[in-house]
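Report on the following structure.
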Amino acid sequence: MMNKKKLISIKGRPAISIVYLLLRISVIFVIINQLKSRDYENIFLCILTLILFFIPSFIEKKIHIDIPDTLETIILLFIFSAEILGEINEYYLIFPYWDTMLHTLNGFLAAALGLSLIDILNKNDKFAISLSPLFVALVAFCFSMTIGVIWELFEFSMDQFFGFDMQKDTYVTSFQSVLLHPEGRNIPVKVEIQDLTVNGQAWKAYIDLGLIDTMMDLFVNFIGATVFSIFGYFYVKNRGNGNFLKRFILRWKKPV
């Protein structure tokens, strides 16, 4: 009986089933390649990726939350882009804005999750609440920004305590400083780096150790969260009308 239900589910969602299949096959090929080079850290990332692929379907089956196919596809591609393409294939280094693109998308998706949670409560008969569209949009925005901040704290902790470099470094050739004002006044002056020596090696710039990367990640997260929250405001105000946003909103489904 269970196999029959699974078969019906796959036939009803051919697109997402194909995405699952292709991504899993791709990860398995990467695992085989990493086994040849004995890169066990990357093998761990591949296994973690396969585990993360199961989370959307687990949520649908165990928590009875319906995830639209569009949202589920984007989540799967996001995981693959971050772990396999970004880390193992080094897209973070090859494409300068790869990380920026993912953080922007993360802000958008996290806002969708925040709005979905409030929308589910709004439509649940057990909760006698009816929140205004503006408040729901604000909660979605704050939820997304909170997720972004927590992630940056995680990156900082991994770098400090485990010697990672998740907060990528940035070359800085000039900066503004009040401290270096020649007269000691509270006026910023621009400082051009002409000469810098580190361990006997001459540099033309200094390396910012993660601050610029962190603030840029939070800024693009802010953009993604703002864009979705604006759409979300009109979605809630029009009582769920709008085919575009429905592709990103989770829905509660009664257990069968």
| field | Residue list, side chain to side chain donor-acceptor pair (under 3.5 Å) with W98, at least two apart or on another chain | value | none
| said: Under 4.5 Å between side-chain heavy atoms, counting indirect links through other Ile/Leu/Val/Met/Phe/Trp/Tyr residues: same cluster for I223 and F78 or not? | reply: yes
| Is the count of non-hydrogen atoms from other residues, nucleotides or ligands lying under 6.0 Å from F175 atom CZ greater than 12? | yes
| Would one find more than 12 heavy atoms of other residues, nucleotides or ligands at under 6.0 Å from atom CG of L179? | no
| field | Whether F108 and F248 hold their rings parallel, tilted or perpendicular, with breakpoints at 30° and 60° | value | perpendicular
| message | Is there a path of hydrophobic side-chain contacts, each under 4.5 Å between heavy atoms, that joins F54 and I63? | response | no
| field | L211: hydrophobic cluster co-members (side-chain, 4.5 Å) | value | V149, L153, M215, L218
| query | Taking the side chain as C-beta and beyond, is there a heavy-atom pair between I84 and T49 under 4.5 Å? | reply | yes
| task | Kindly work out whether a path of hydrophobic side-chain contacts (I/L/V/M/F/W/Y, heavy atoms less than 4.5 Å apart) joins I55 to L102. | result | yes
| message | Walk me through whether D99 and D217 qualify under side-chain contact (heavy atoms from CB on, under 4.5 Å). | response | CA-CA 8 Å; D99 185 57; D217 290 346; 3.1 Å; yes
| query | For F244, does its backbone N or O pair with a side-chain atom of Y235 as donor and acceptor, under 3.5 Å? | reply | no
| query | Would a line drawn from the ring center of F222 to the ring center of F141 be shorter than 6.0 Å? | reply | yes
| query | Does a side-chain heavy-atom distance below 4.5 Å link L85 with F80? | reply | yes
| said: Just checking F95 against Y91, ring centres under 6.0 Å apart? | reply: yes
| request: Please indicate whether Q176 has more than 12 foreign heavy atoms, meaning atoms of other residues, nucleotides or ligands, lying under 6.0 Å from its CD. | output: yes
| What distance separates T170 OG1 from D208 CG, expressed to the nearest 0.5 Å? | 5.5 Å
| Around atom CZ of F231, are there more than 12 heavy atoms of other residues, nucleotides or ligands at under 6.0 Å? | no
| said: Could you see if F143 belongs to whatever hydrophobic cluster contains V227? Use Ile, Leu, Val, Met, Phe, Trp, Tyr and a side-chain cutoff under 4.5 Å. | reply: yes
| query | Under the 6.0 Å and 45° cation-pi test, does R247 pair with F228? | reply | no
| request: Take T73 and I16 through the side-chain contact (heavy atoms from CB on, under 4.5 Å) test and state the conclusion after the steps. | output: CA-CA 6 Å; T73 300; I16 193 66; 3.3 Å; yes
| request: Examine distances only and state if a side-chain atom of S132 and a backbone atom of F135 form a donor-acceptor pair shorter than 3.5 Å. | output: yes
| query | Does F156 sit in a hydrophobic cluster with other residues, and if so which ones, taking ILVMFWY side chains as linked at heavy-atom separations under 4.5 Å, directly or through other members? | reply | none
| Can you find a pair of side-chain heavy atoms, one from E155 and one from F164, that are under 4.5 Å apart? | no
| query | Do I187 and V178 have side-chain heavy atoms sitting under 4.5 Å apart? | reply | no
| said: Quick check on side chain to side chain donor-acceptor pair (under 3.5 Å): which of Q34, E87, E83 does N42 satisfy it with? | reply: Q34
| query | For L35, what residues pass the side-chain contact (heavy atoms from CB on, under 4.5 Å) criterion, not counting sequence neighbours? | reply | I31, I43
| query | Is the closest side-chain heavy-atom distance between V136 and D119 below 4.5 Å? | reply | no
| request: Could you tell me which non-hydrogen atom of L196 sits nearest to which non-hydrogen atom of A205, and how far apart they are? | output: CD2-O, 3.3 Å
| remark: Taken to the nearest 0.5 Å, the spacing of L115 CG from I249 CD1 works out to 4.5 Å
| query | Under 4.5 Å between side-chain heavy atoms, hopping through other hydrophobics if needed: is there a path connecting I67 to L77? | reply | yes
| said: Just verifying a value: how many Å separate S81 OG and L23 CG, rounded to the nearest 0.5 Å? | reply: 8.5 Å
| task | Evaluate the side-chain contact (heavy atoms from CB on, under 4.5 Å) criterion for residues I120 and I65: first the C-alpha distance (whole Å), next the side-chain angles of each, then the deciding distance (0.1 Å), finally the verdict. | result | CA-CA 10 Å; I120 288 173; I65 297 292; 3.8 Å; yes
| remark: Residues passing the side chain to side chain donor-acceptor pair (under 3.5 Å) test with N221, sequence neighbours excluded, are N106, S144
| Going through the checks in order, is the side-chain contact (heavy atoms from CB on, under 4.5 Å) test met by H103 and W151? | CA-CA 10 Å; H103 277 281; W151 178 256; 3.6 Å; yes
| field | Non-neighbouring partners of P68 that pass side-chain contact (heavy atoms from CB on, under 4.5 Å), sequence neighbours left out | value | L71, L250, R251
| request: Could you tell me whether the side chain of D159 and the main chain of Q167 form a donor-acceptor pair under 3.5 Å? | output: yes
| task | Please report the closest heavy-atom contact between I193 and V172, naming both atoms and the distance. | result | CD1-O, 3.2 Å
| said: Please check if the number of heavy atoms outside M101 that lie under 6.0 Å from its CE is greater than 12. | reply: yes
| Any idea which heavy atoms bring P56 and I75 closest together, and the distance? | CG-CG2, 4.3 Å
| task | Could you check if a side-chain atom of I88 sits within less than 4.5 angstrom of a side-chain atom of C46, using non-hydrogen atoms only? | result | yes
| Are E90 and Y92 side-chain neighbours, meaning at least one heavy-atom pair lies under 4.5 Å? | no
| task | Please round to the nearest 0.5 Å and tell me the distance separating atom CG of L117 and atom CG of L113. | result | 4.5 Å
| note | So CG of L245 and CG of N238: to nearest 0.5 Å the spacing works out to 10.5 Å
| Can you tell me how far CD of E152 sits from CD1 of I147, rounded to the nearest 0.5 angstrom? | 12.5 Å
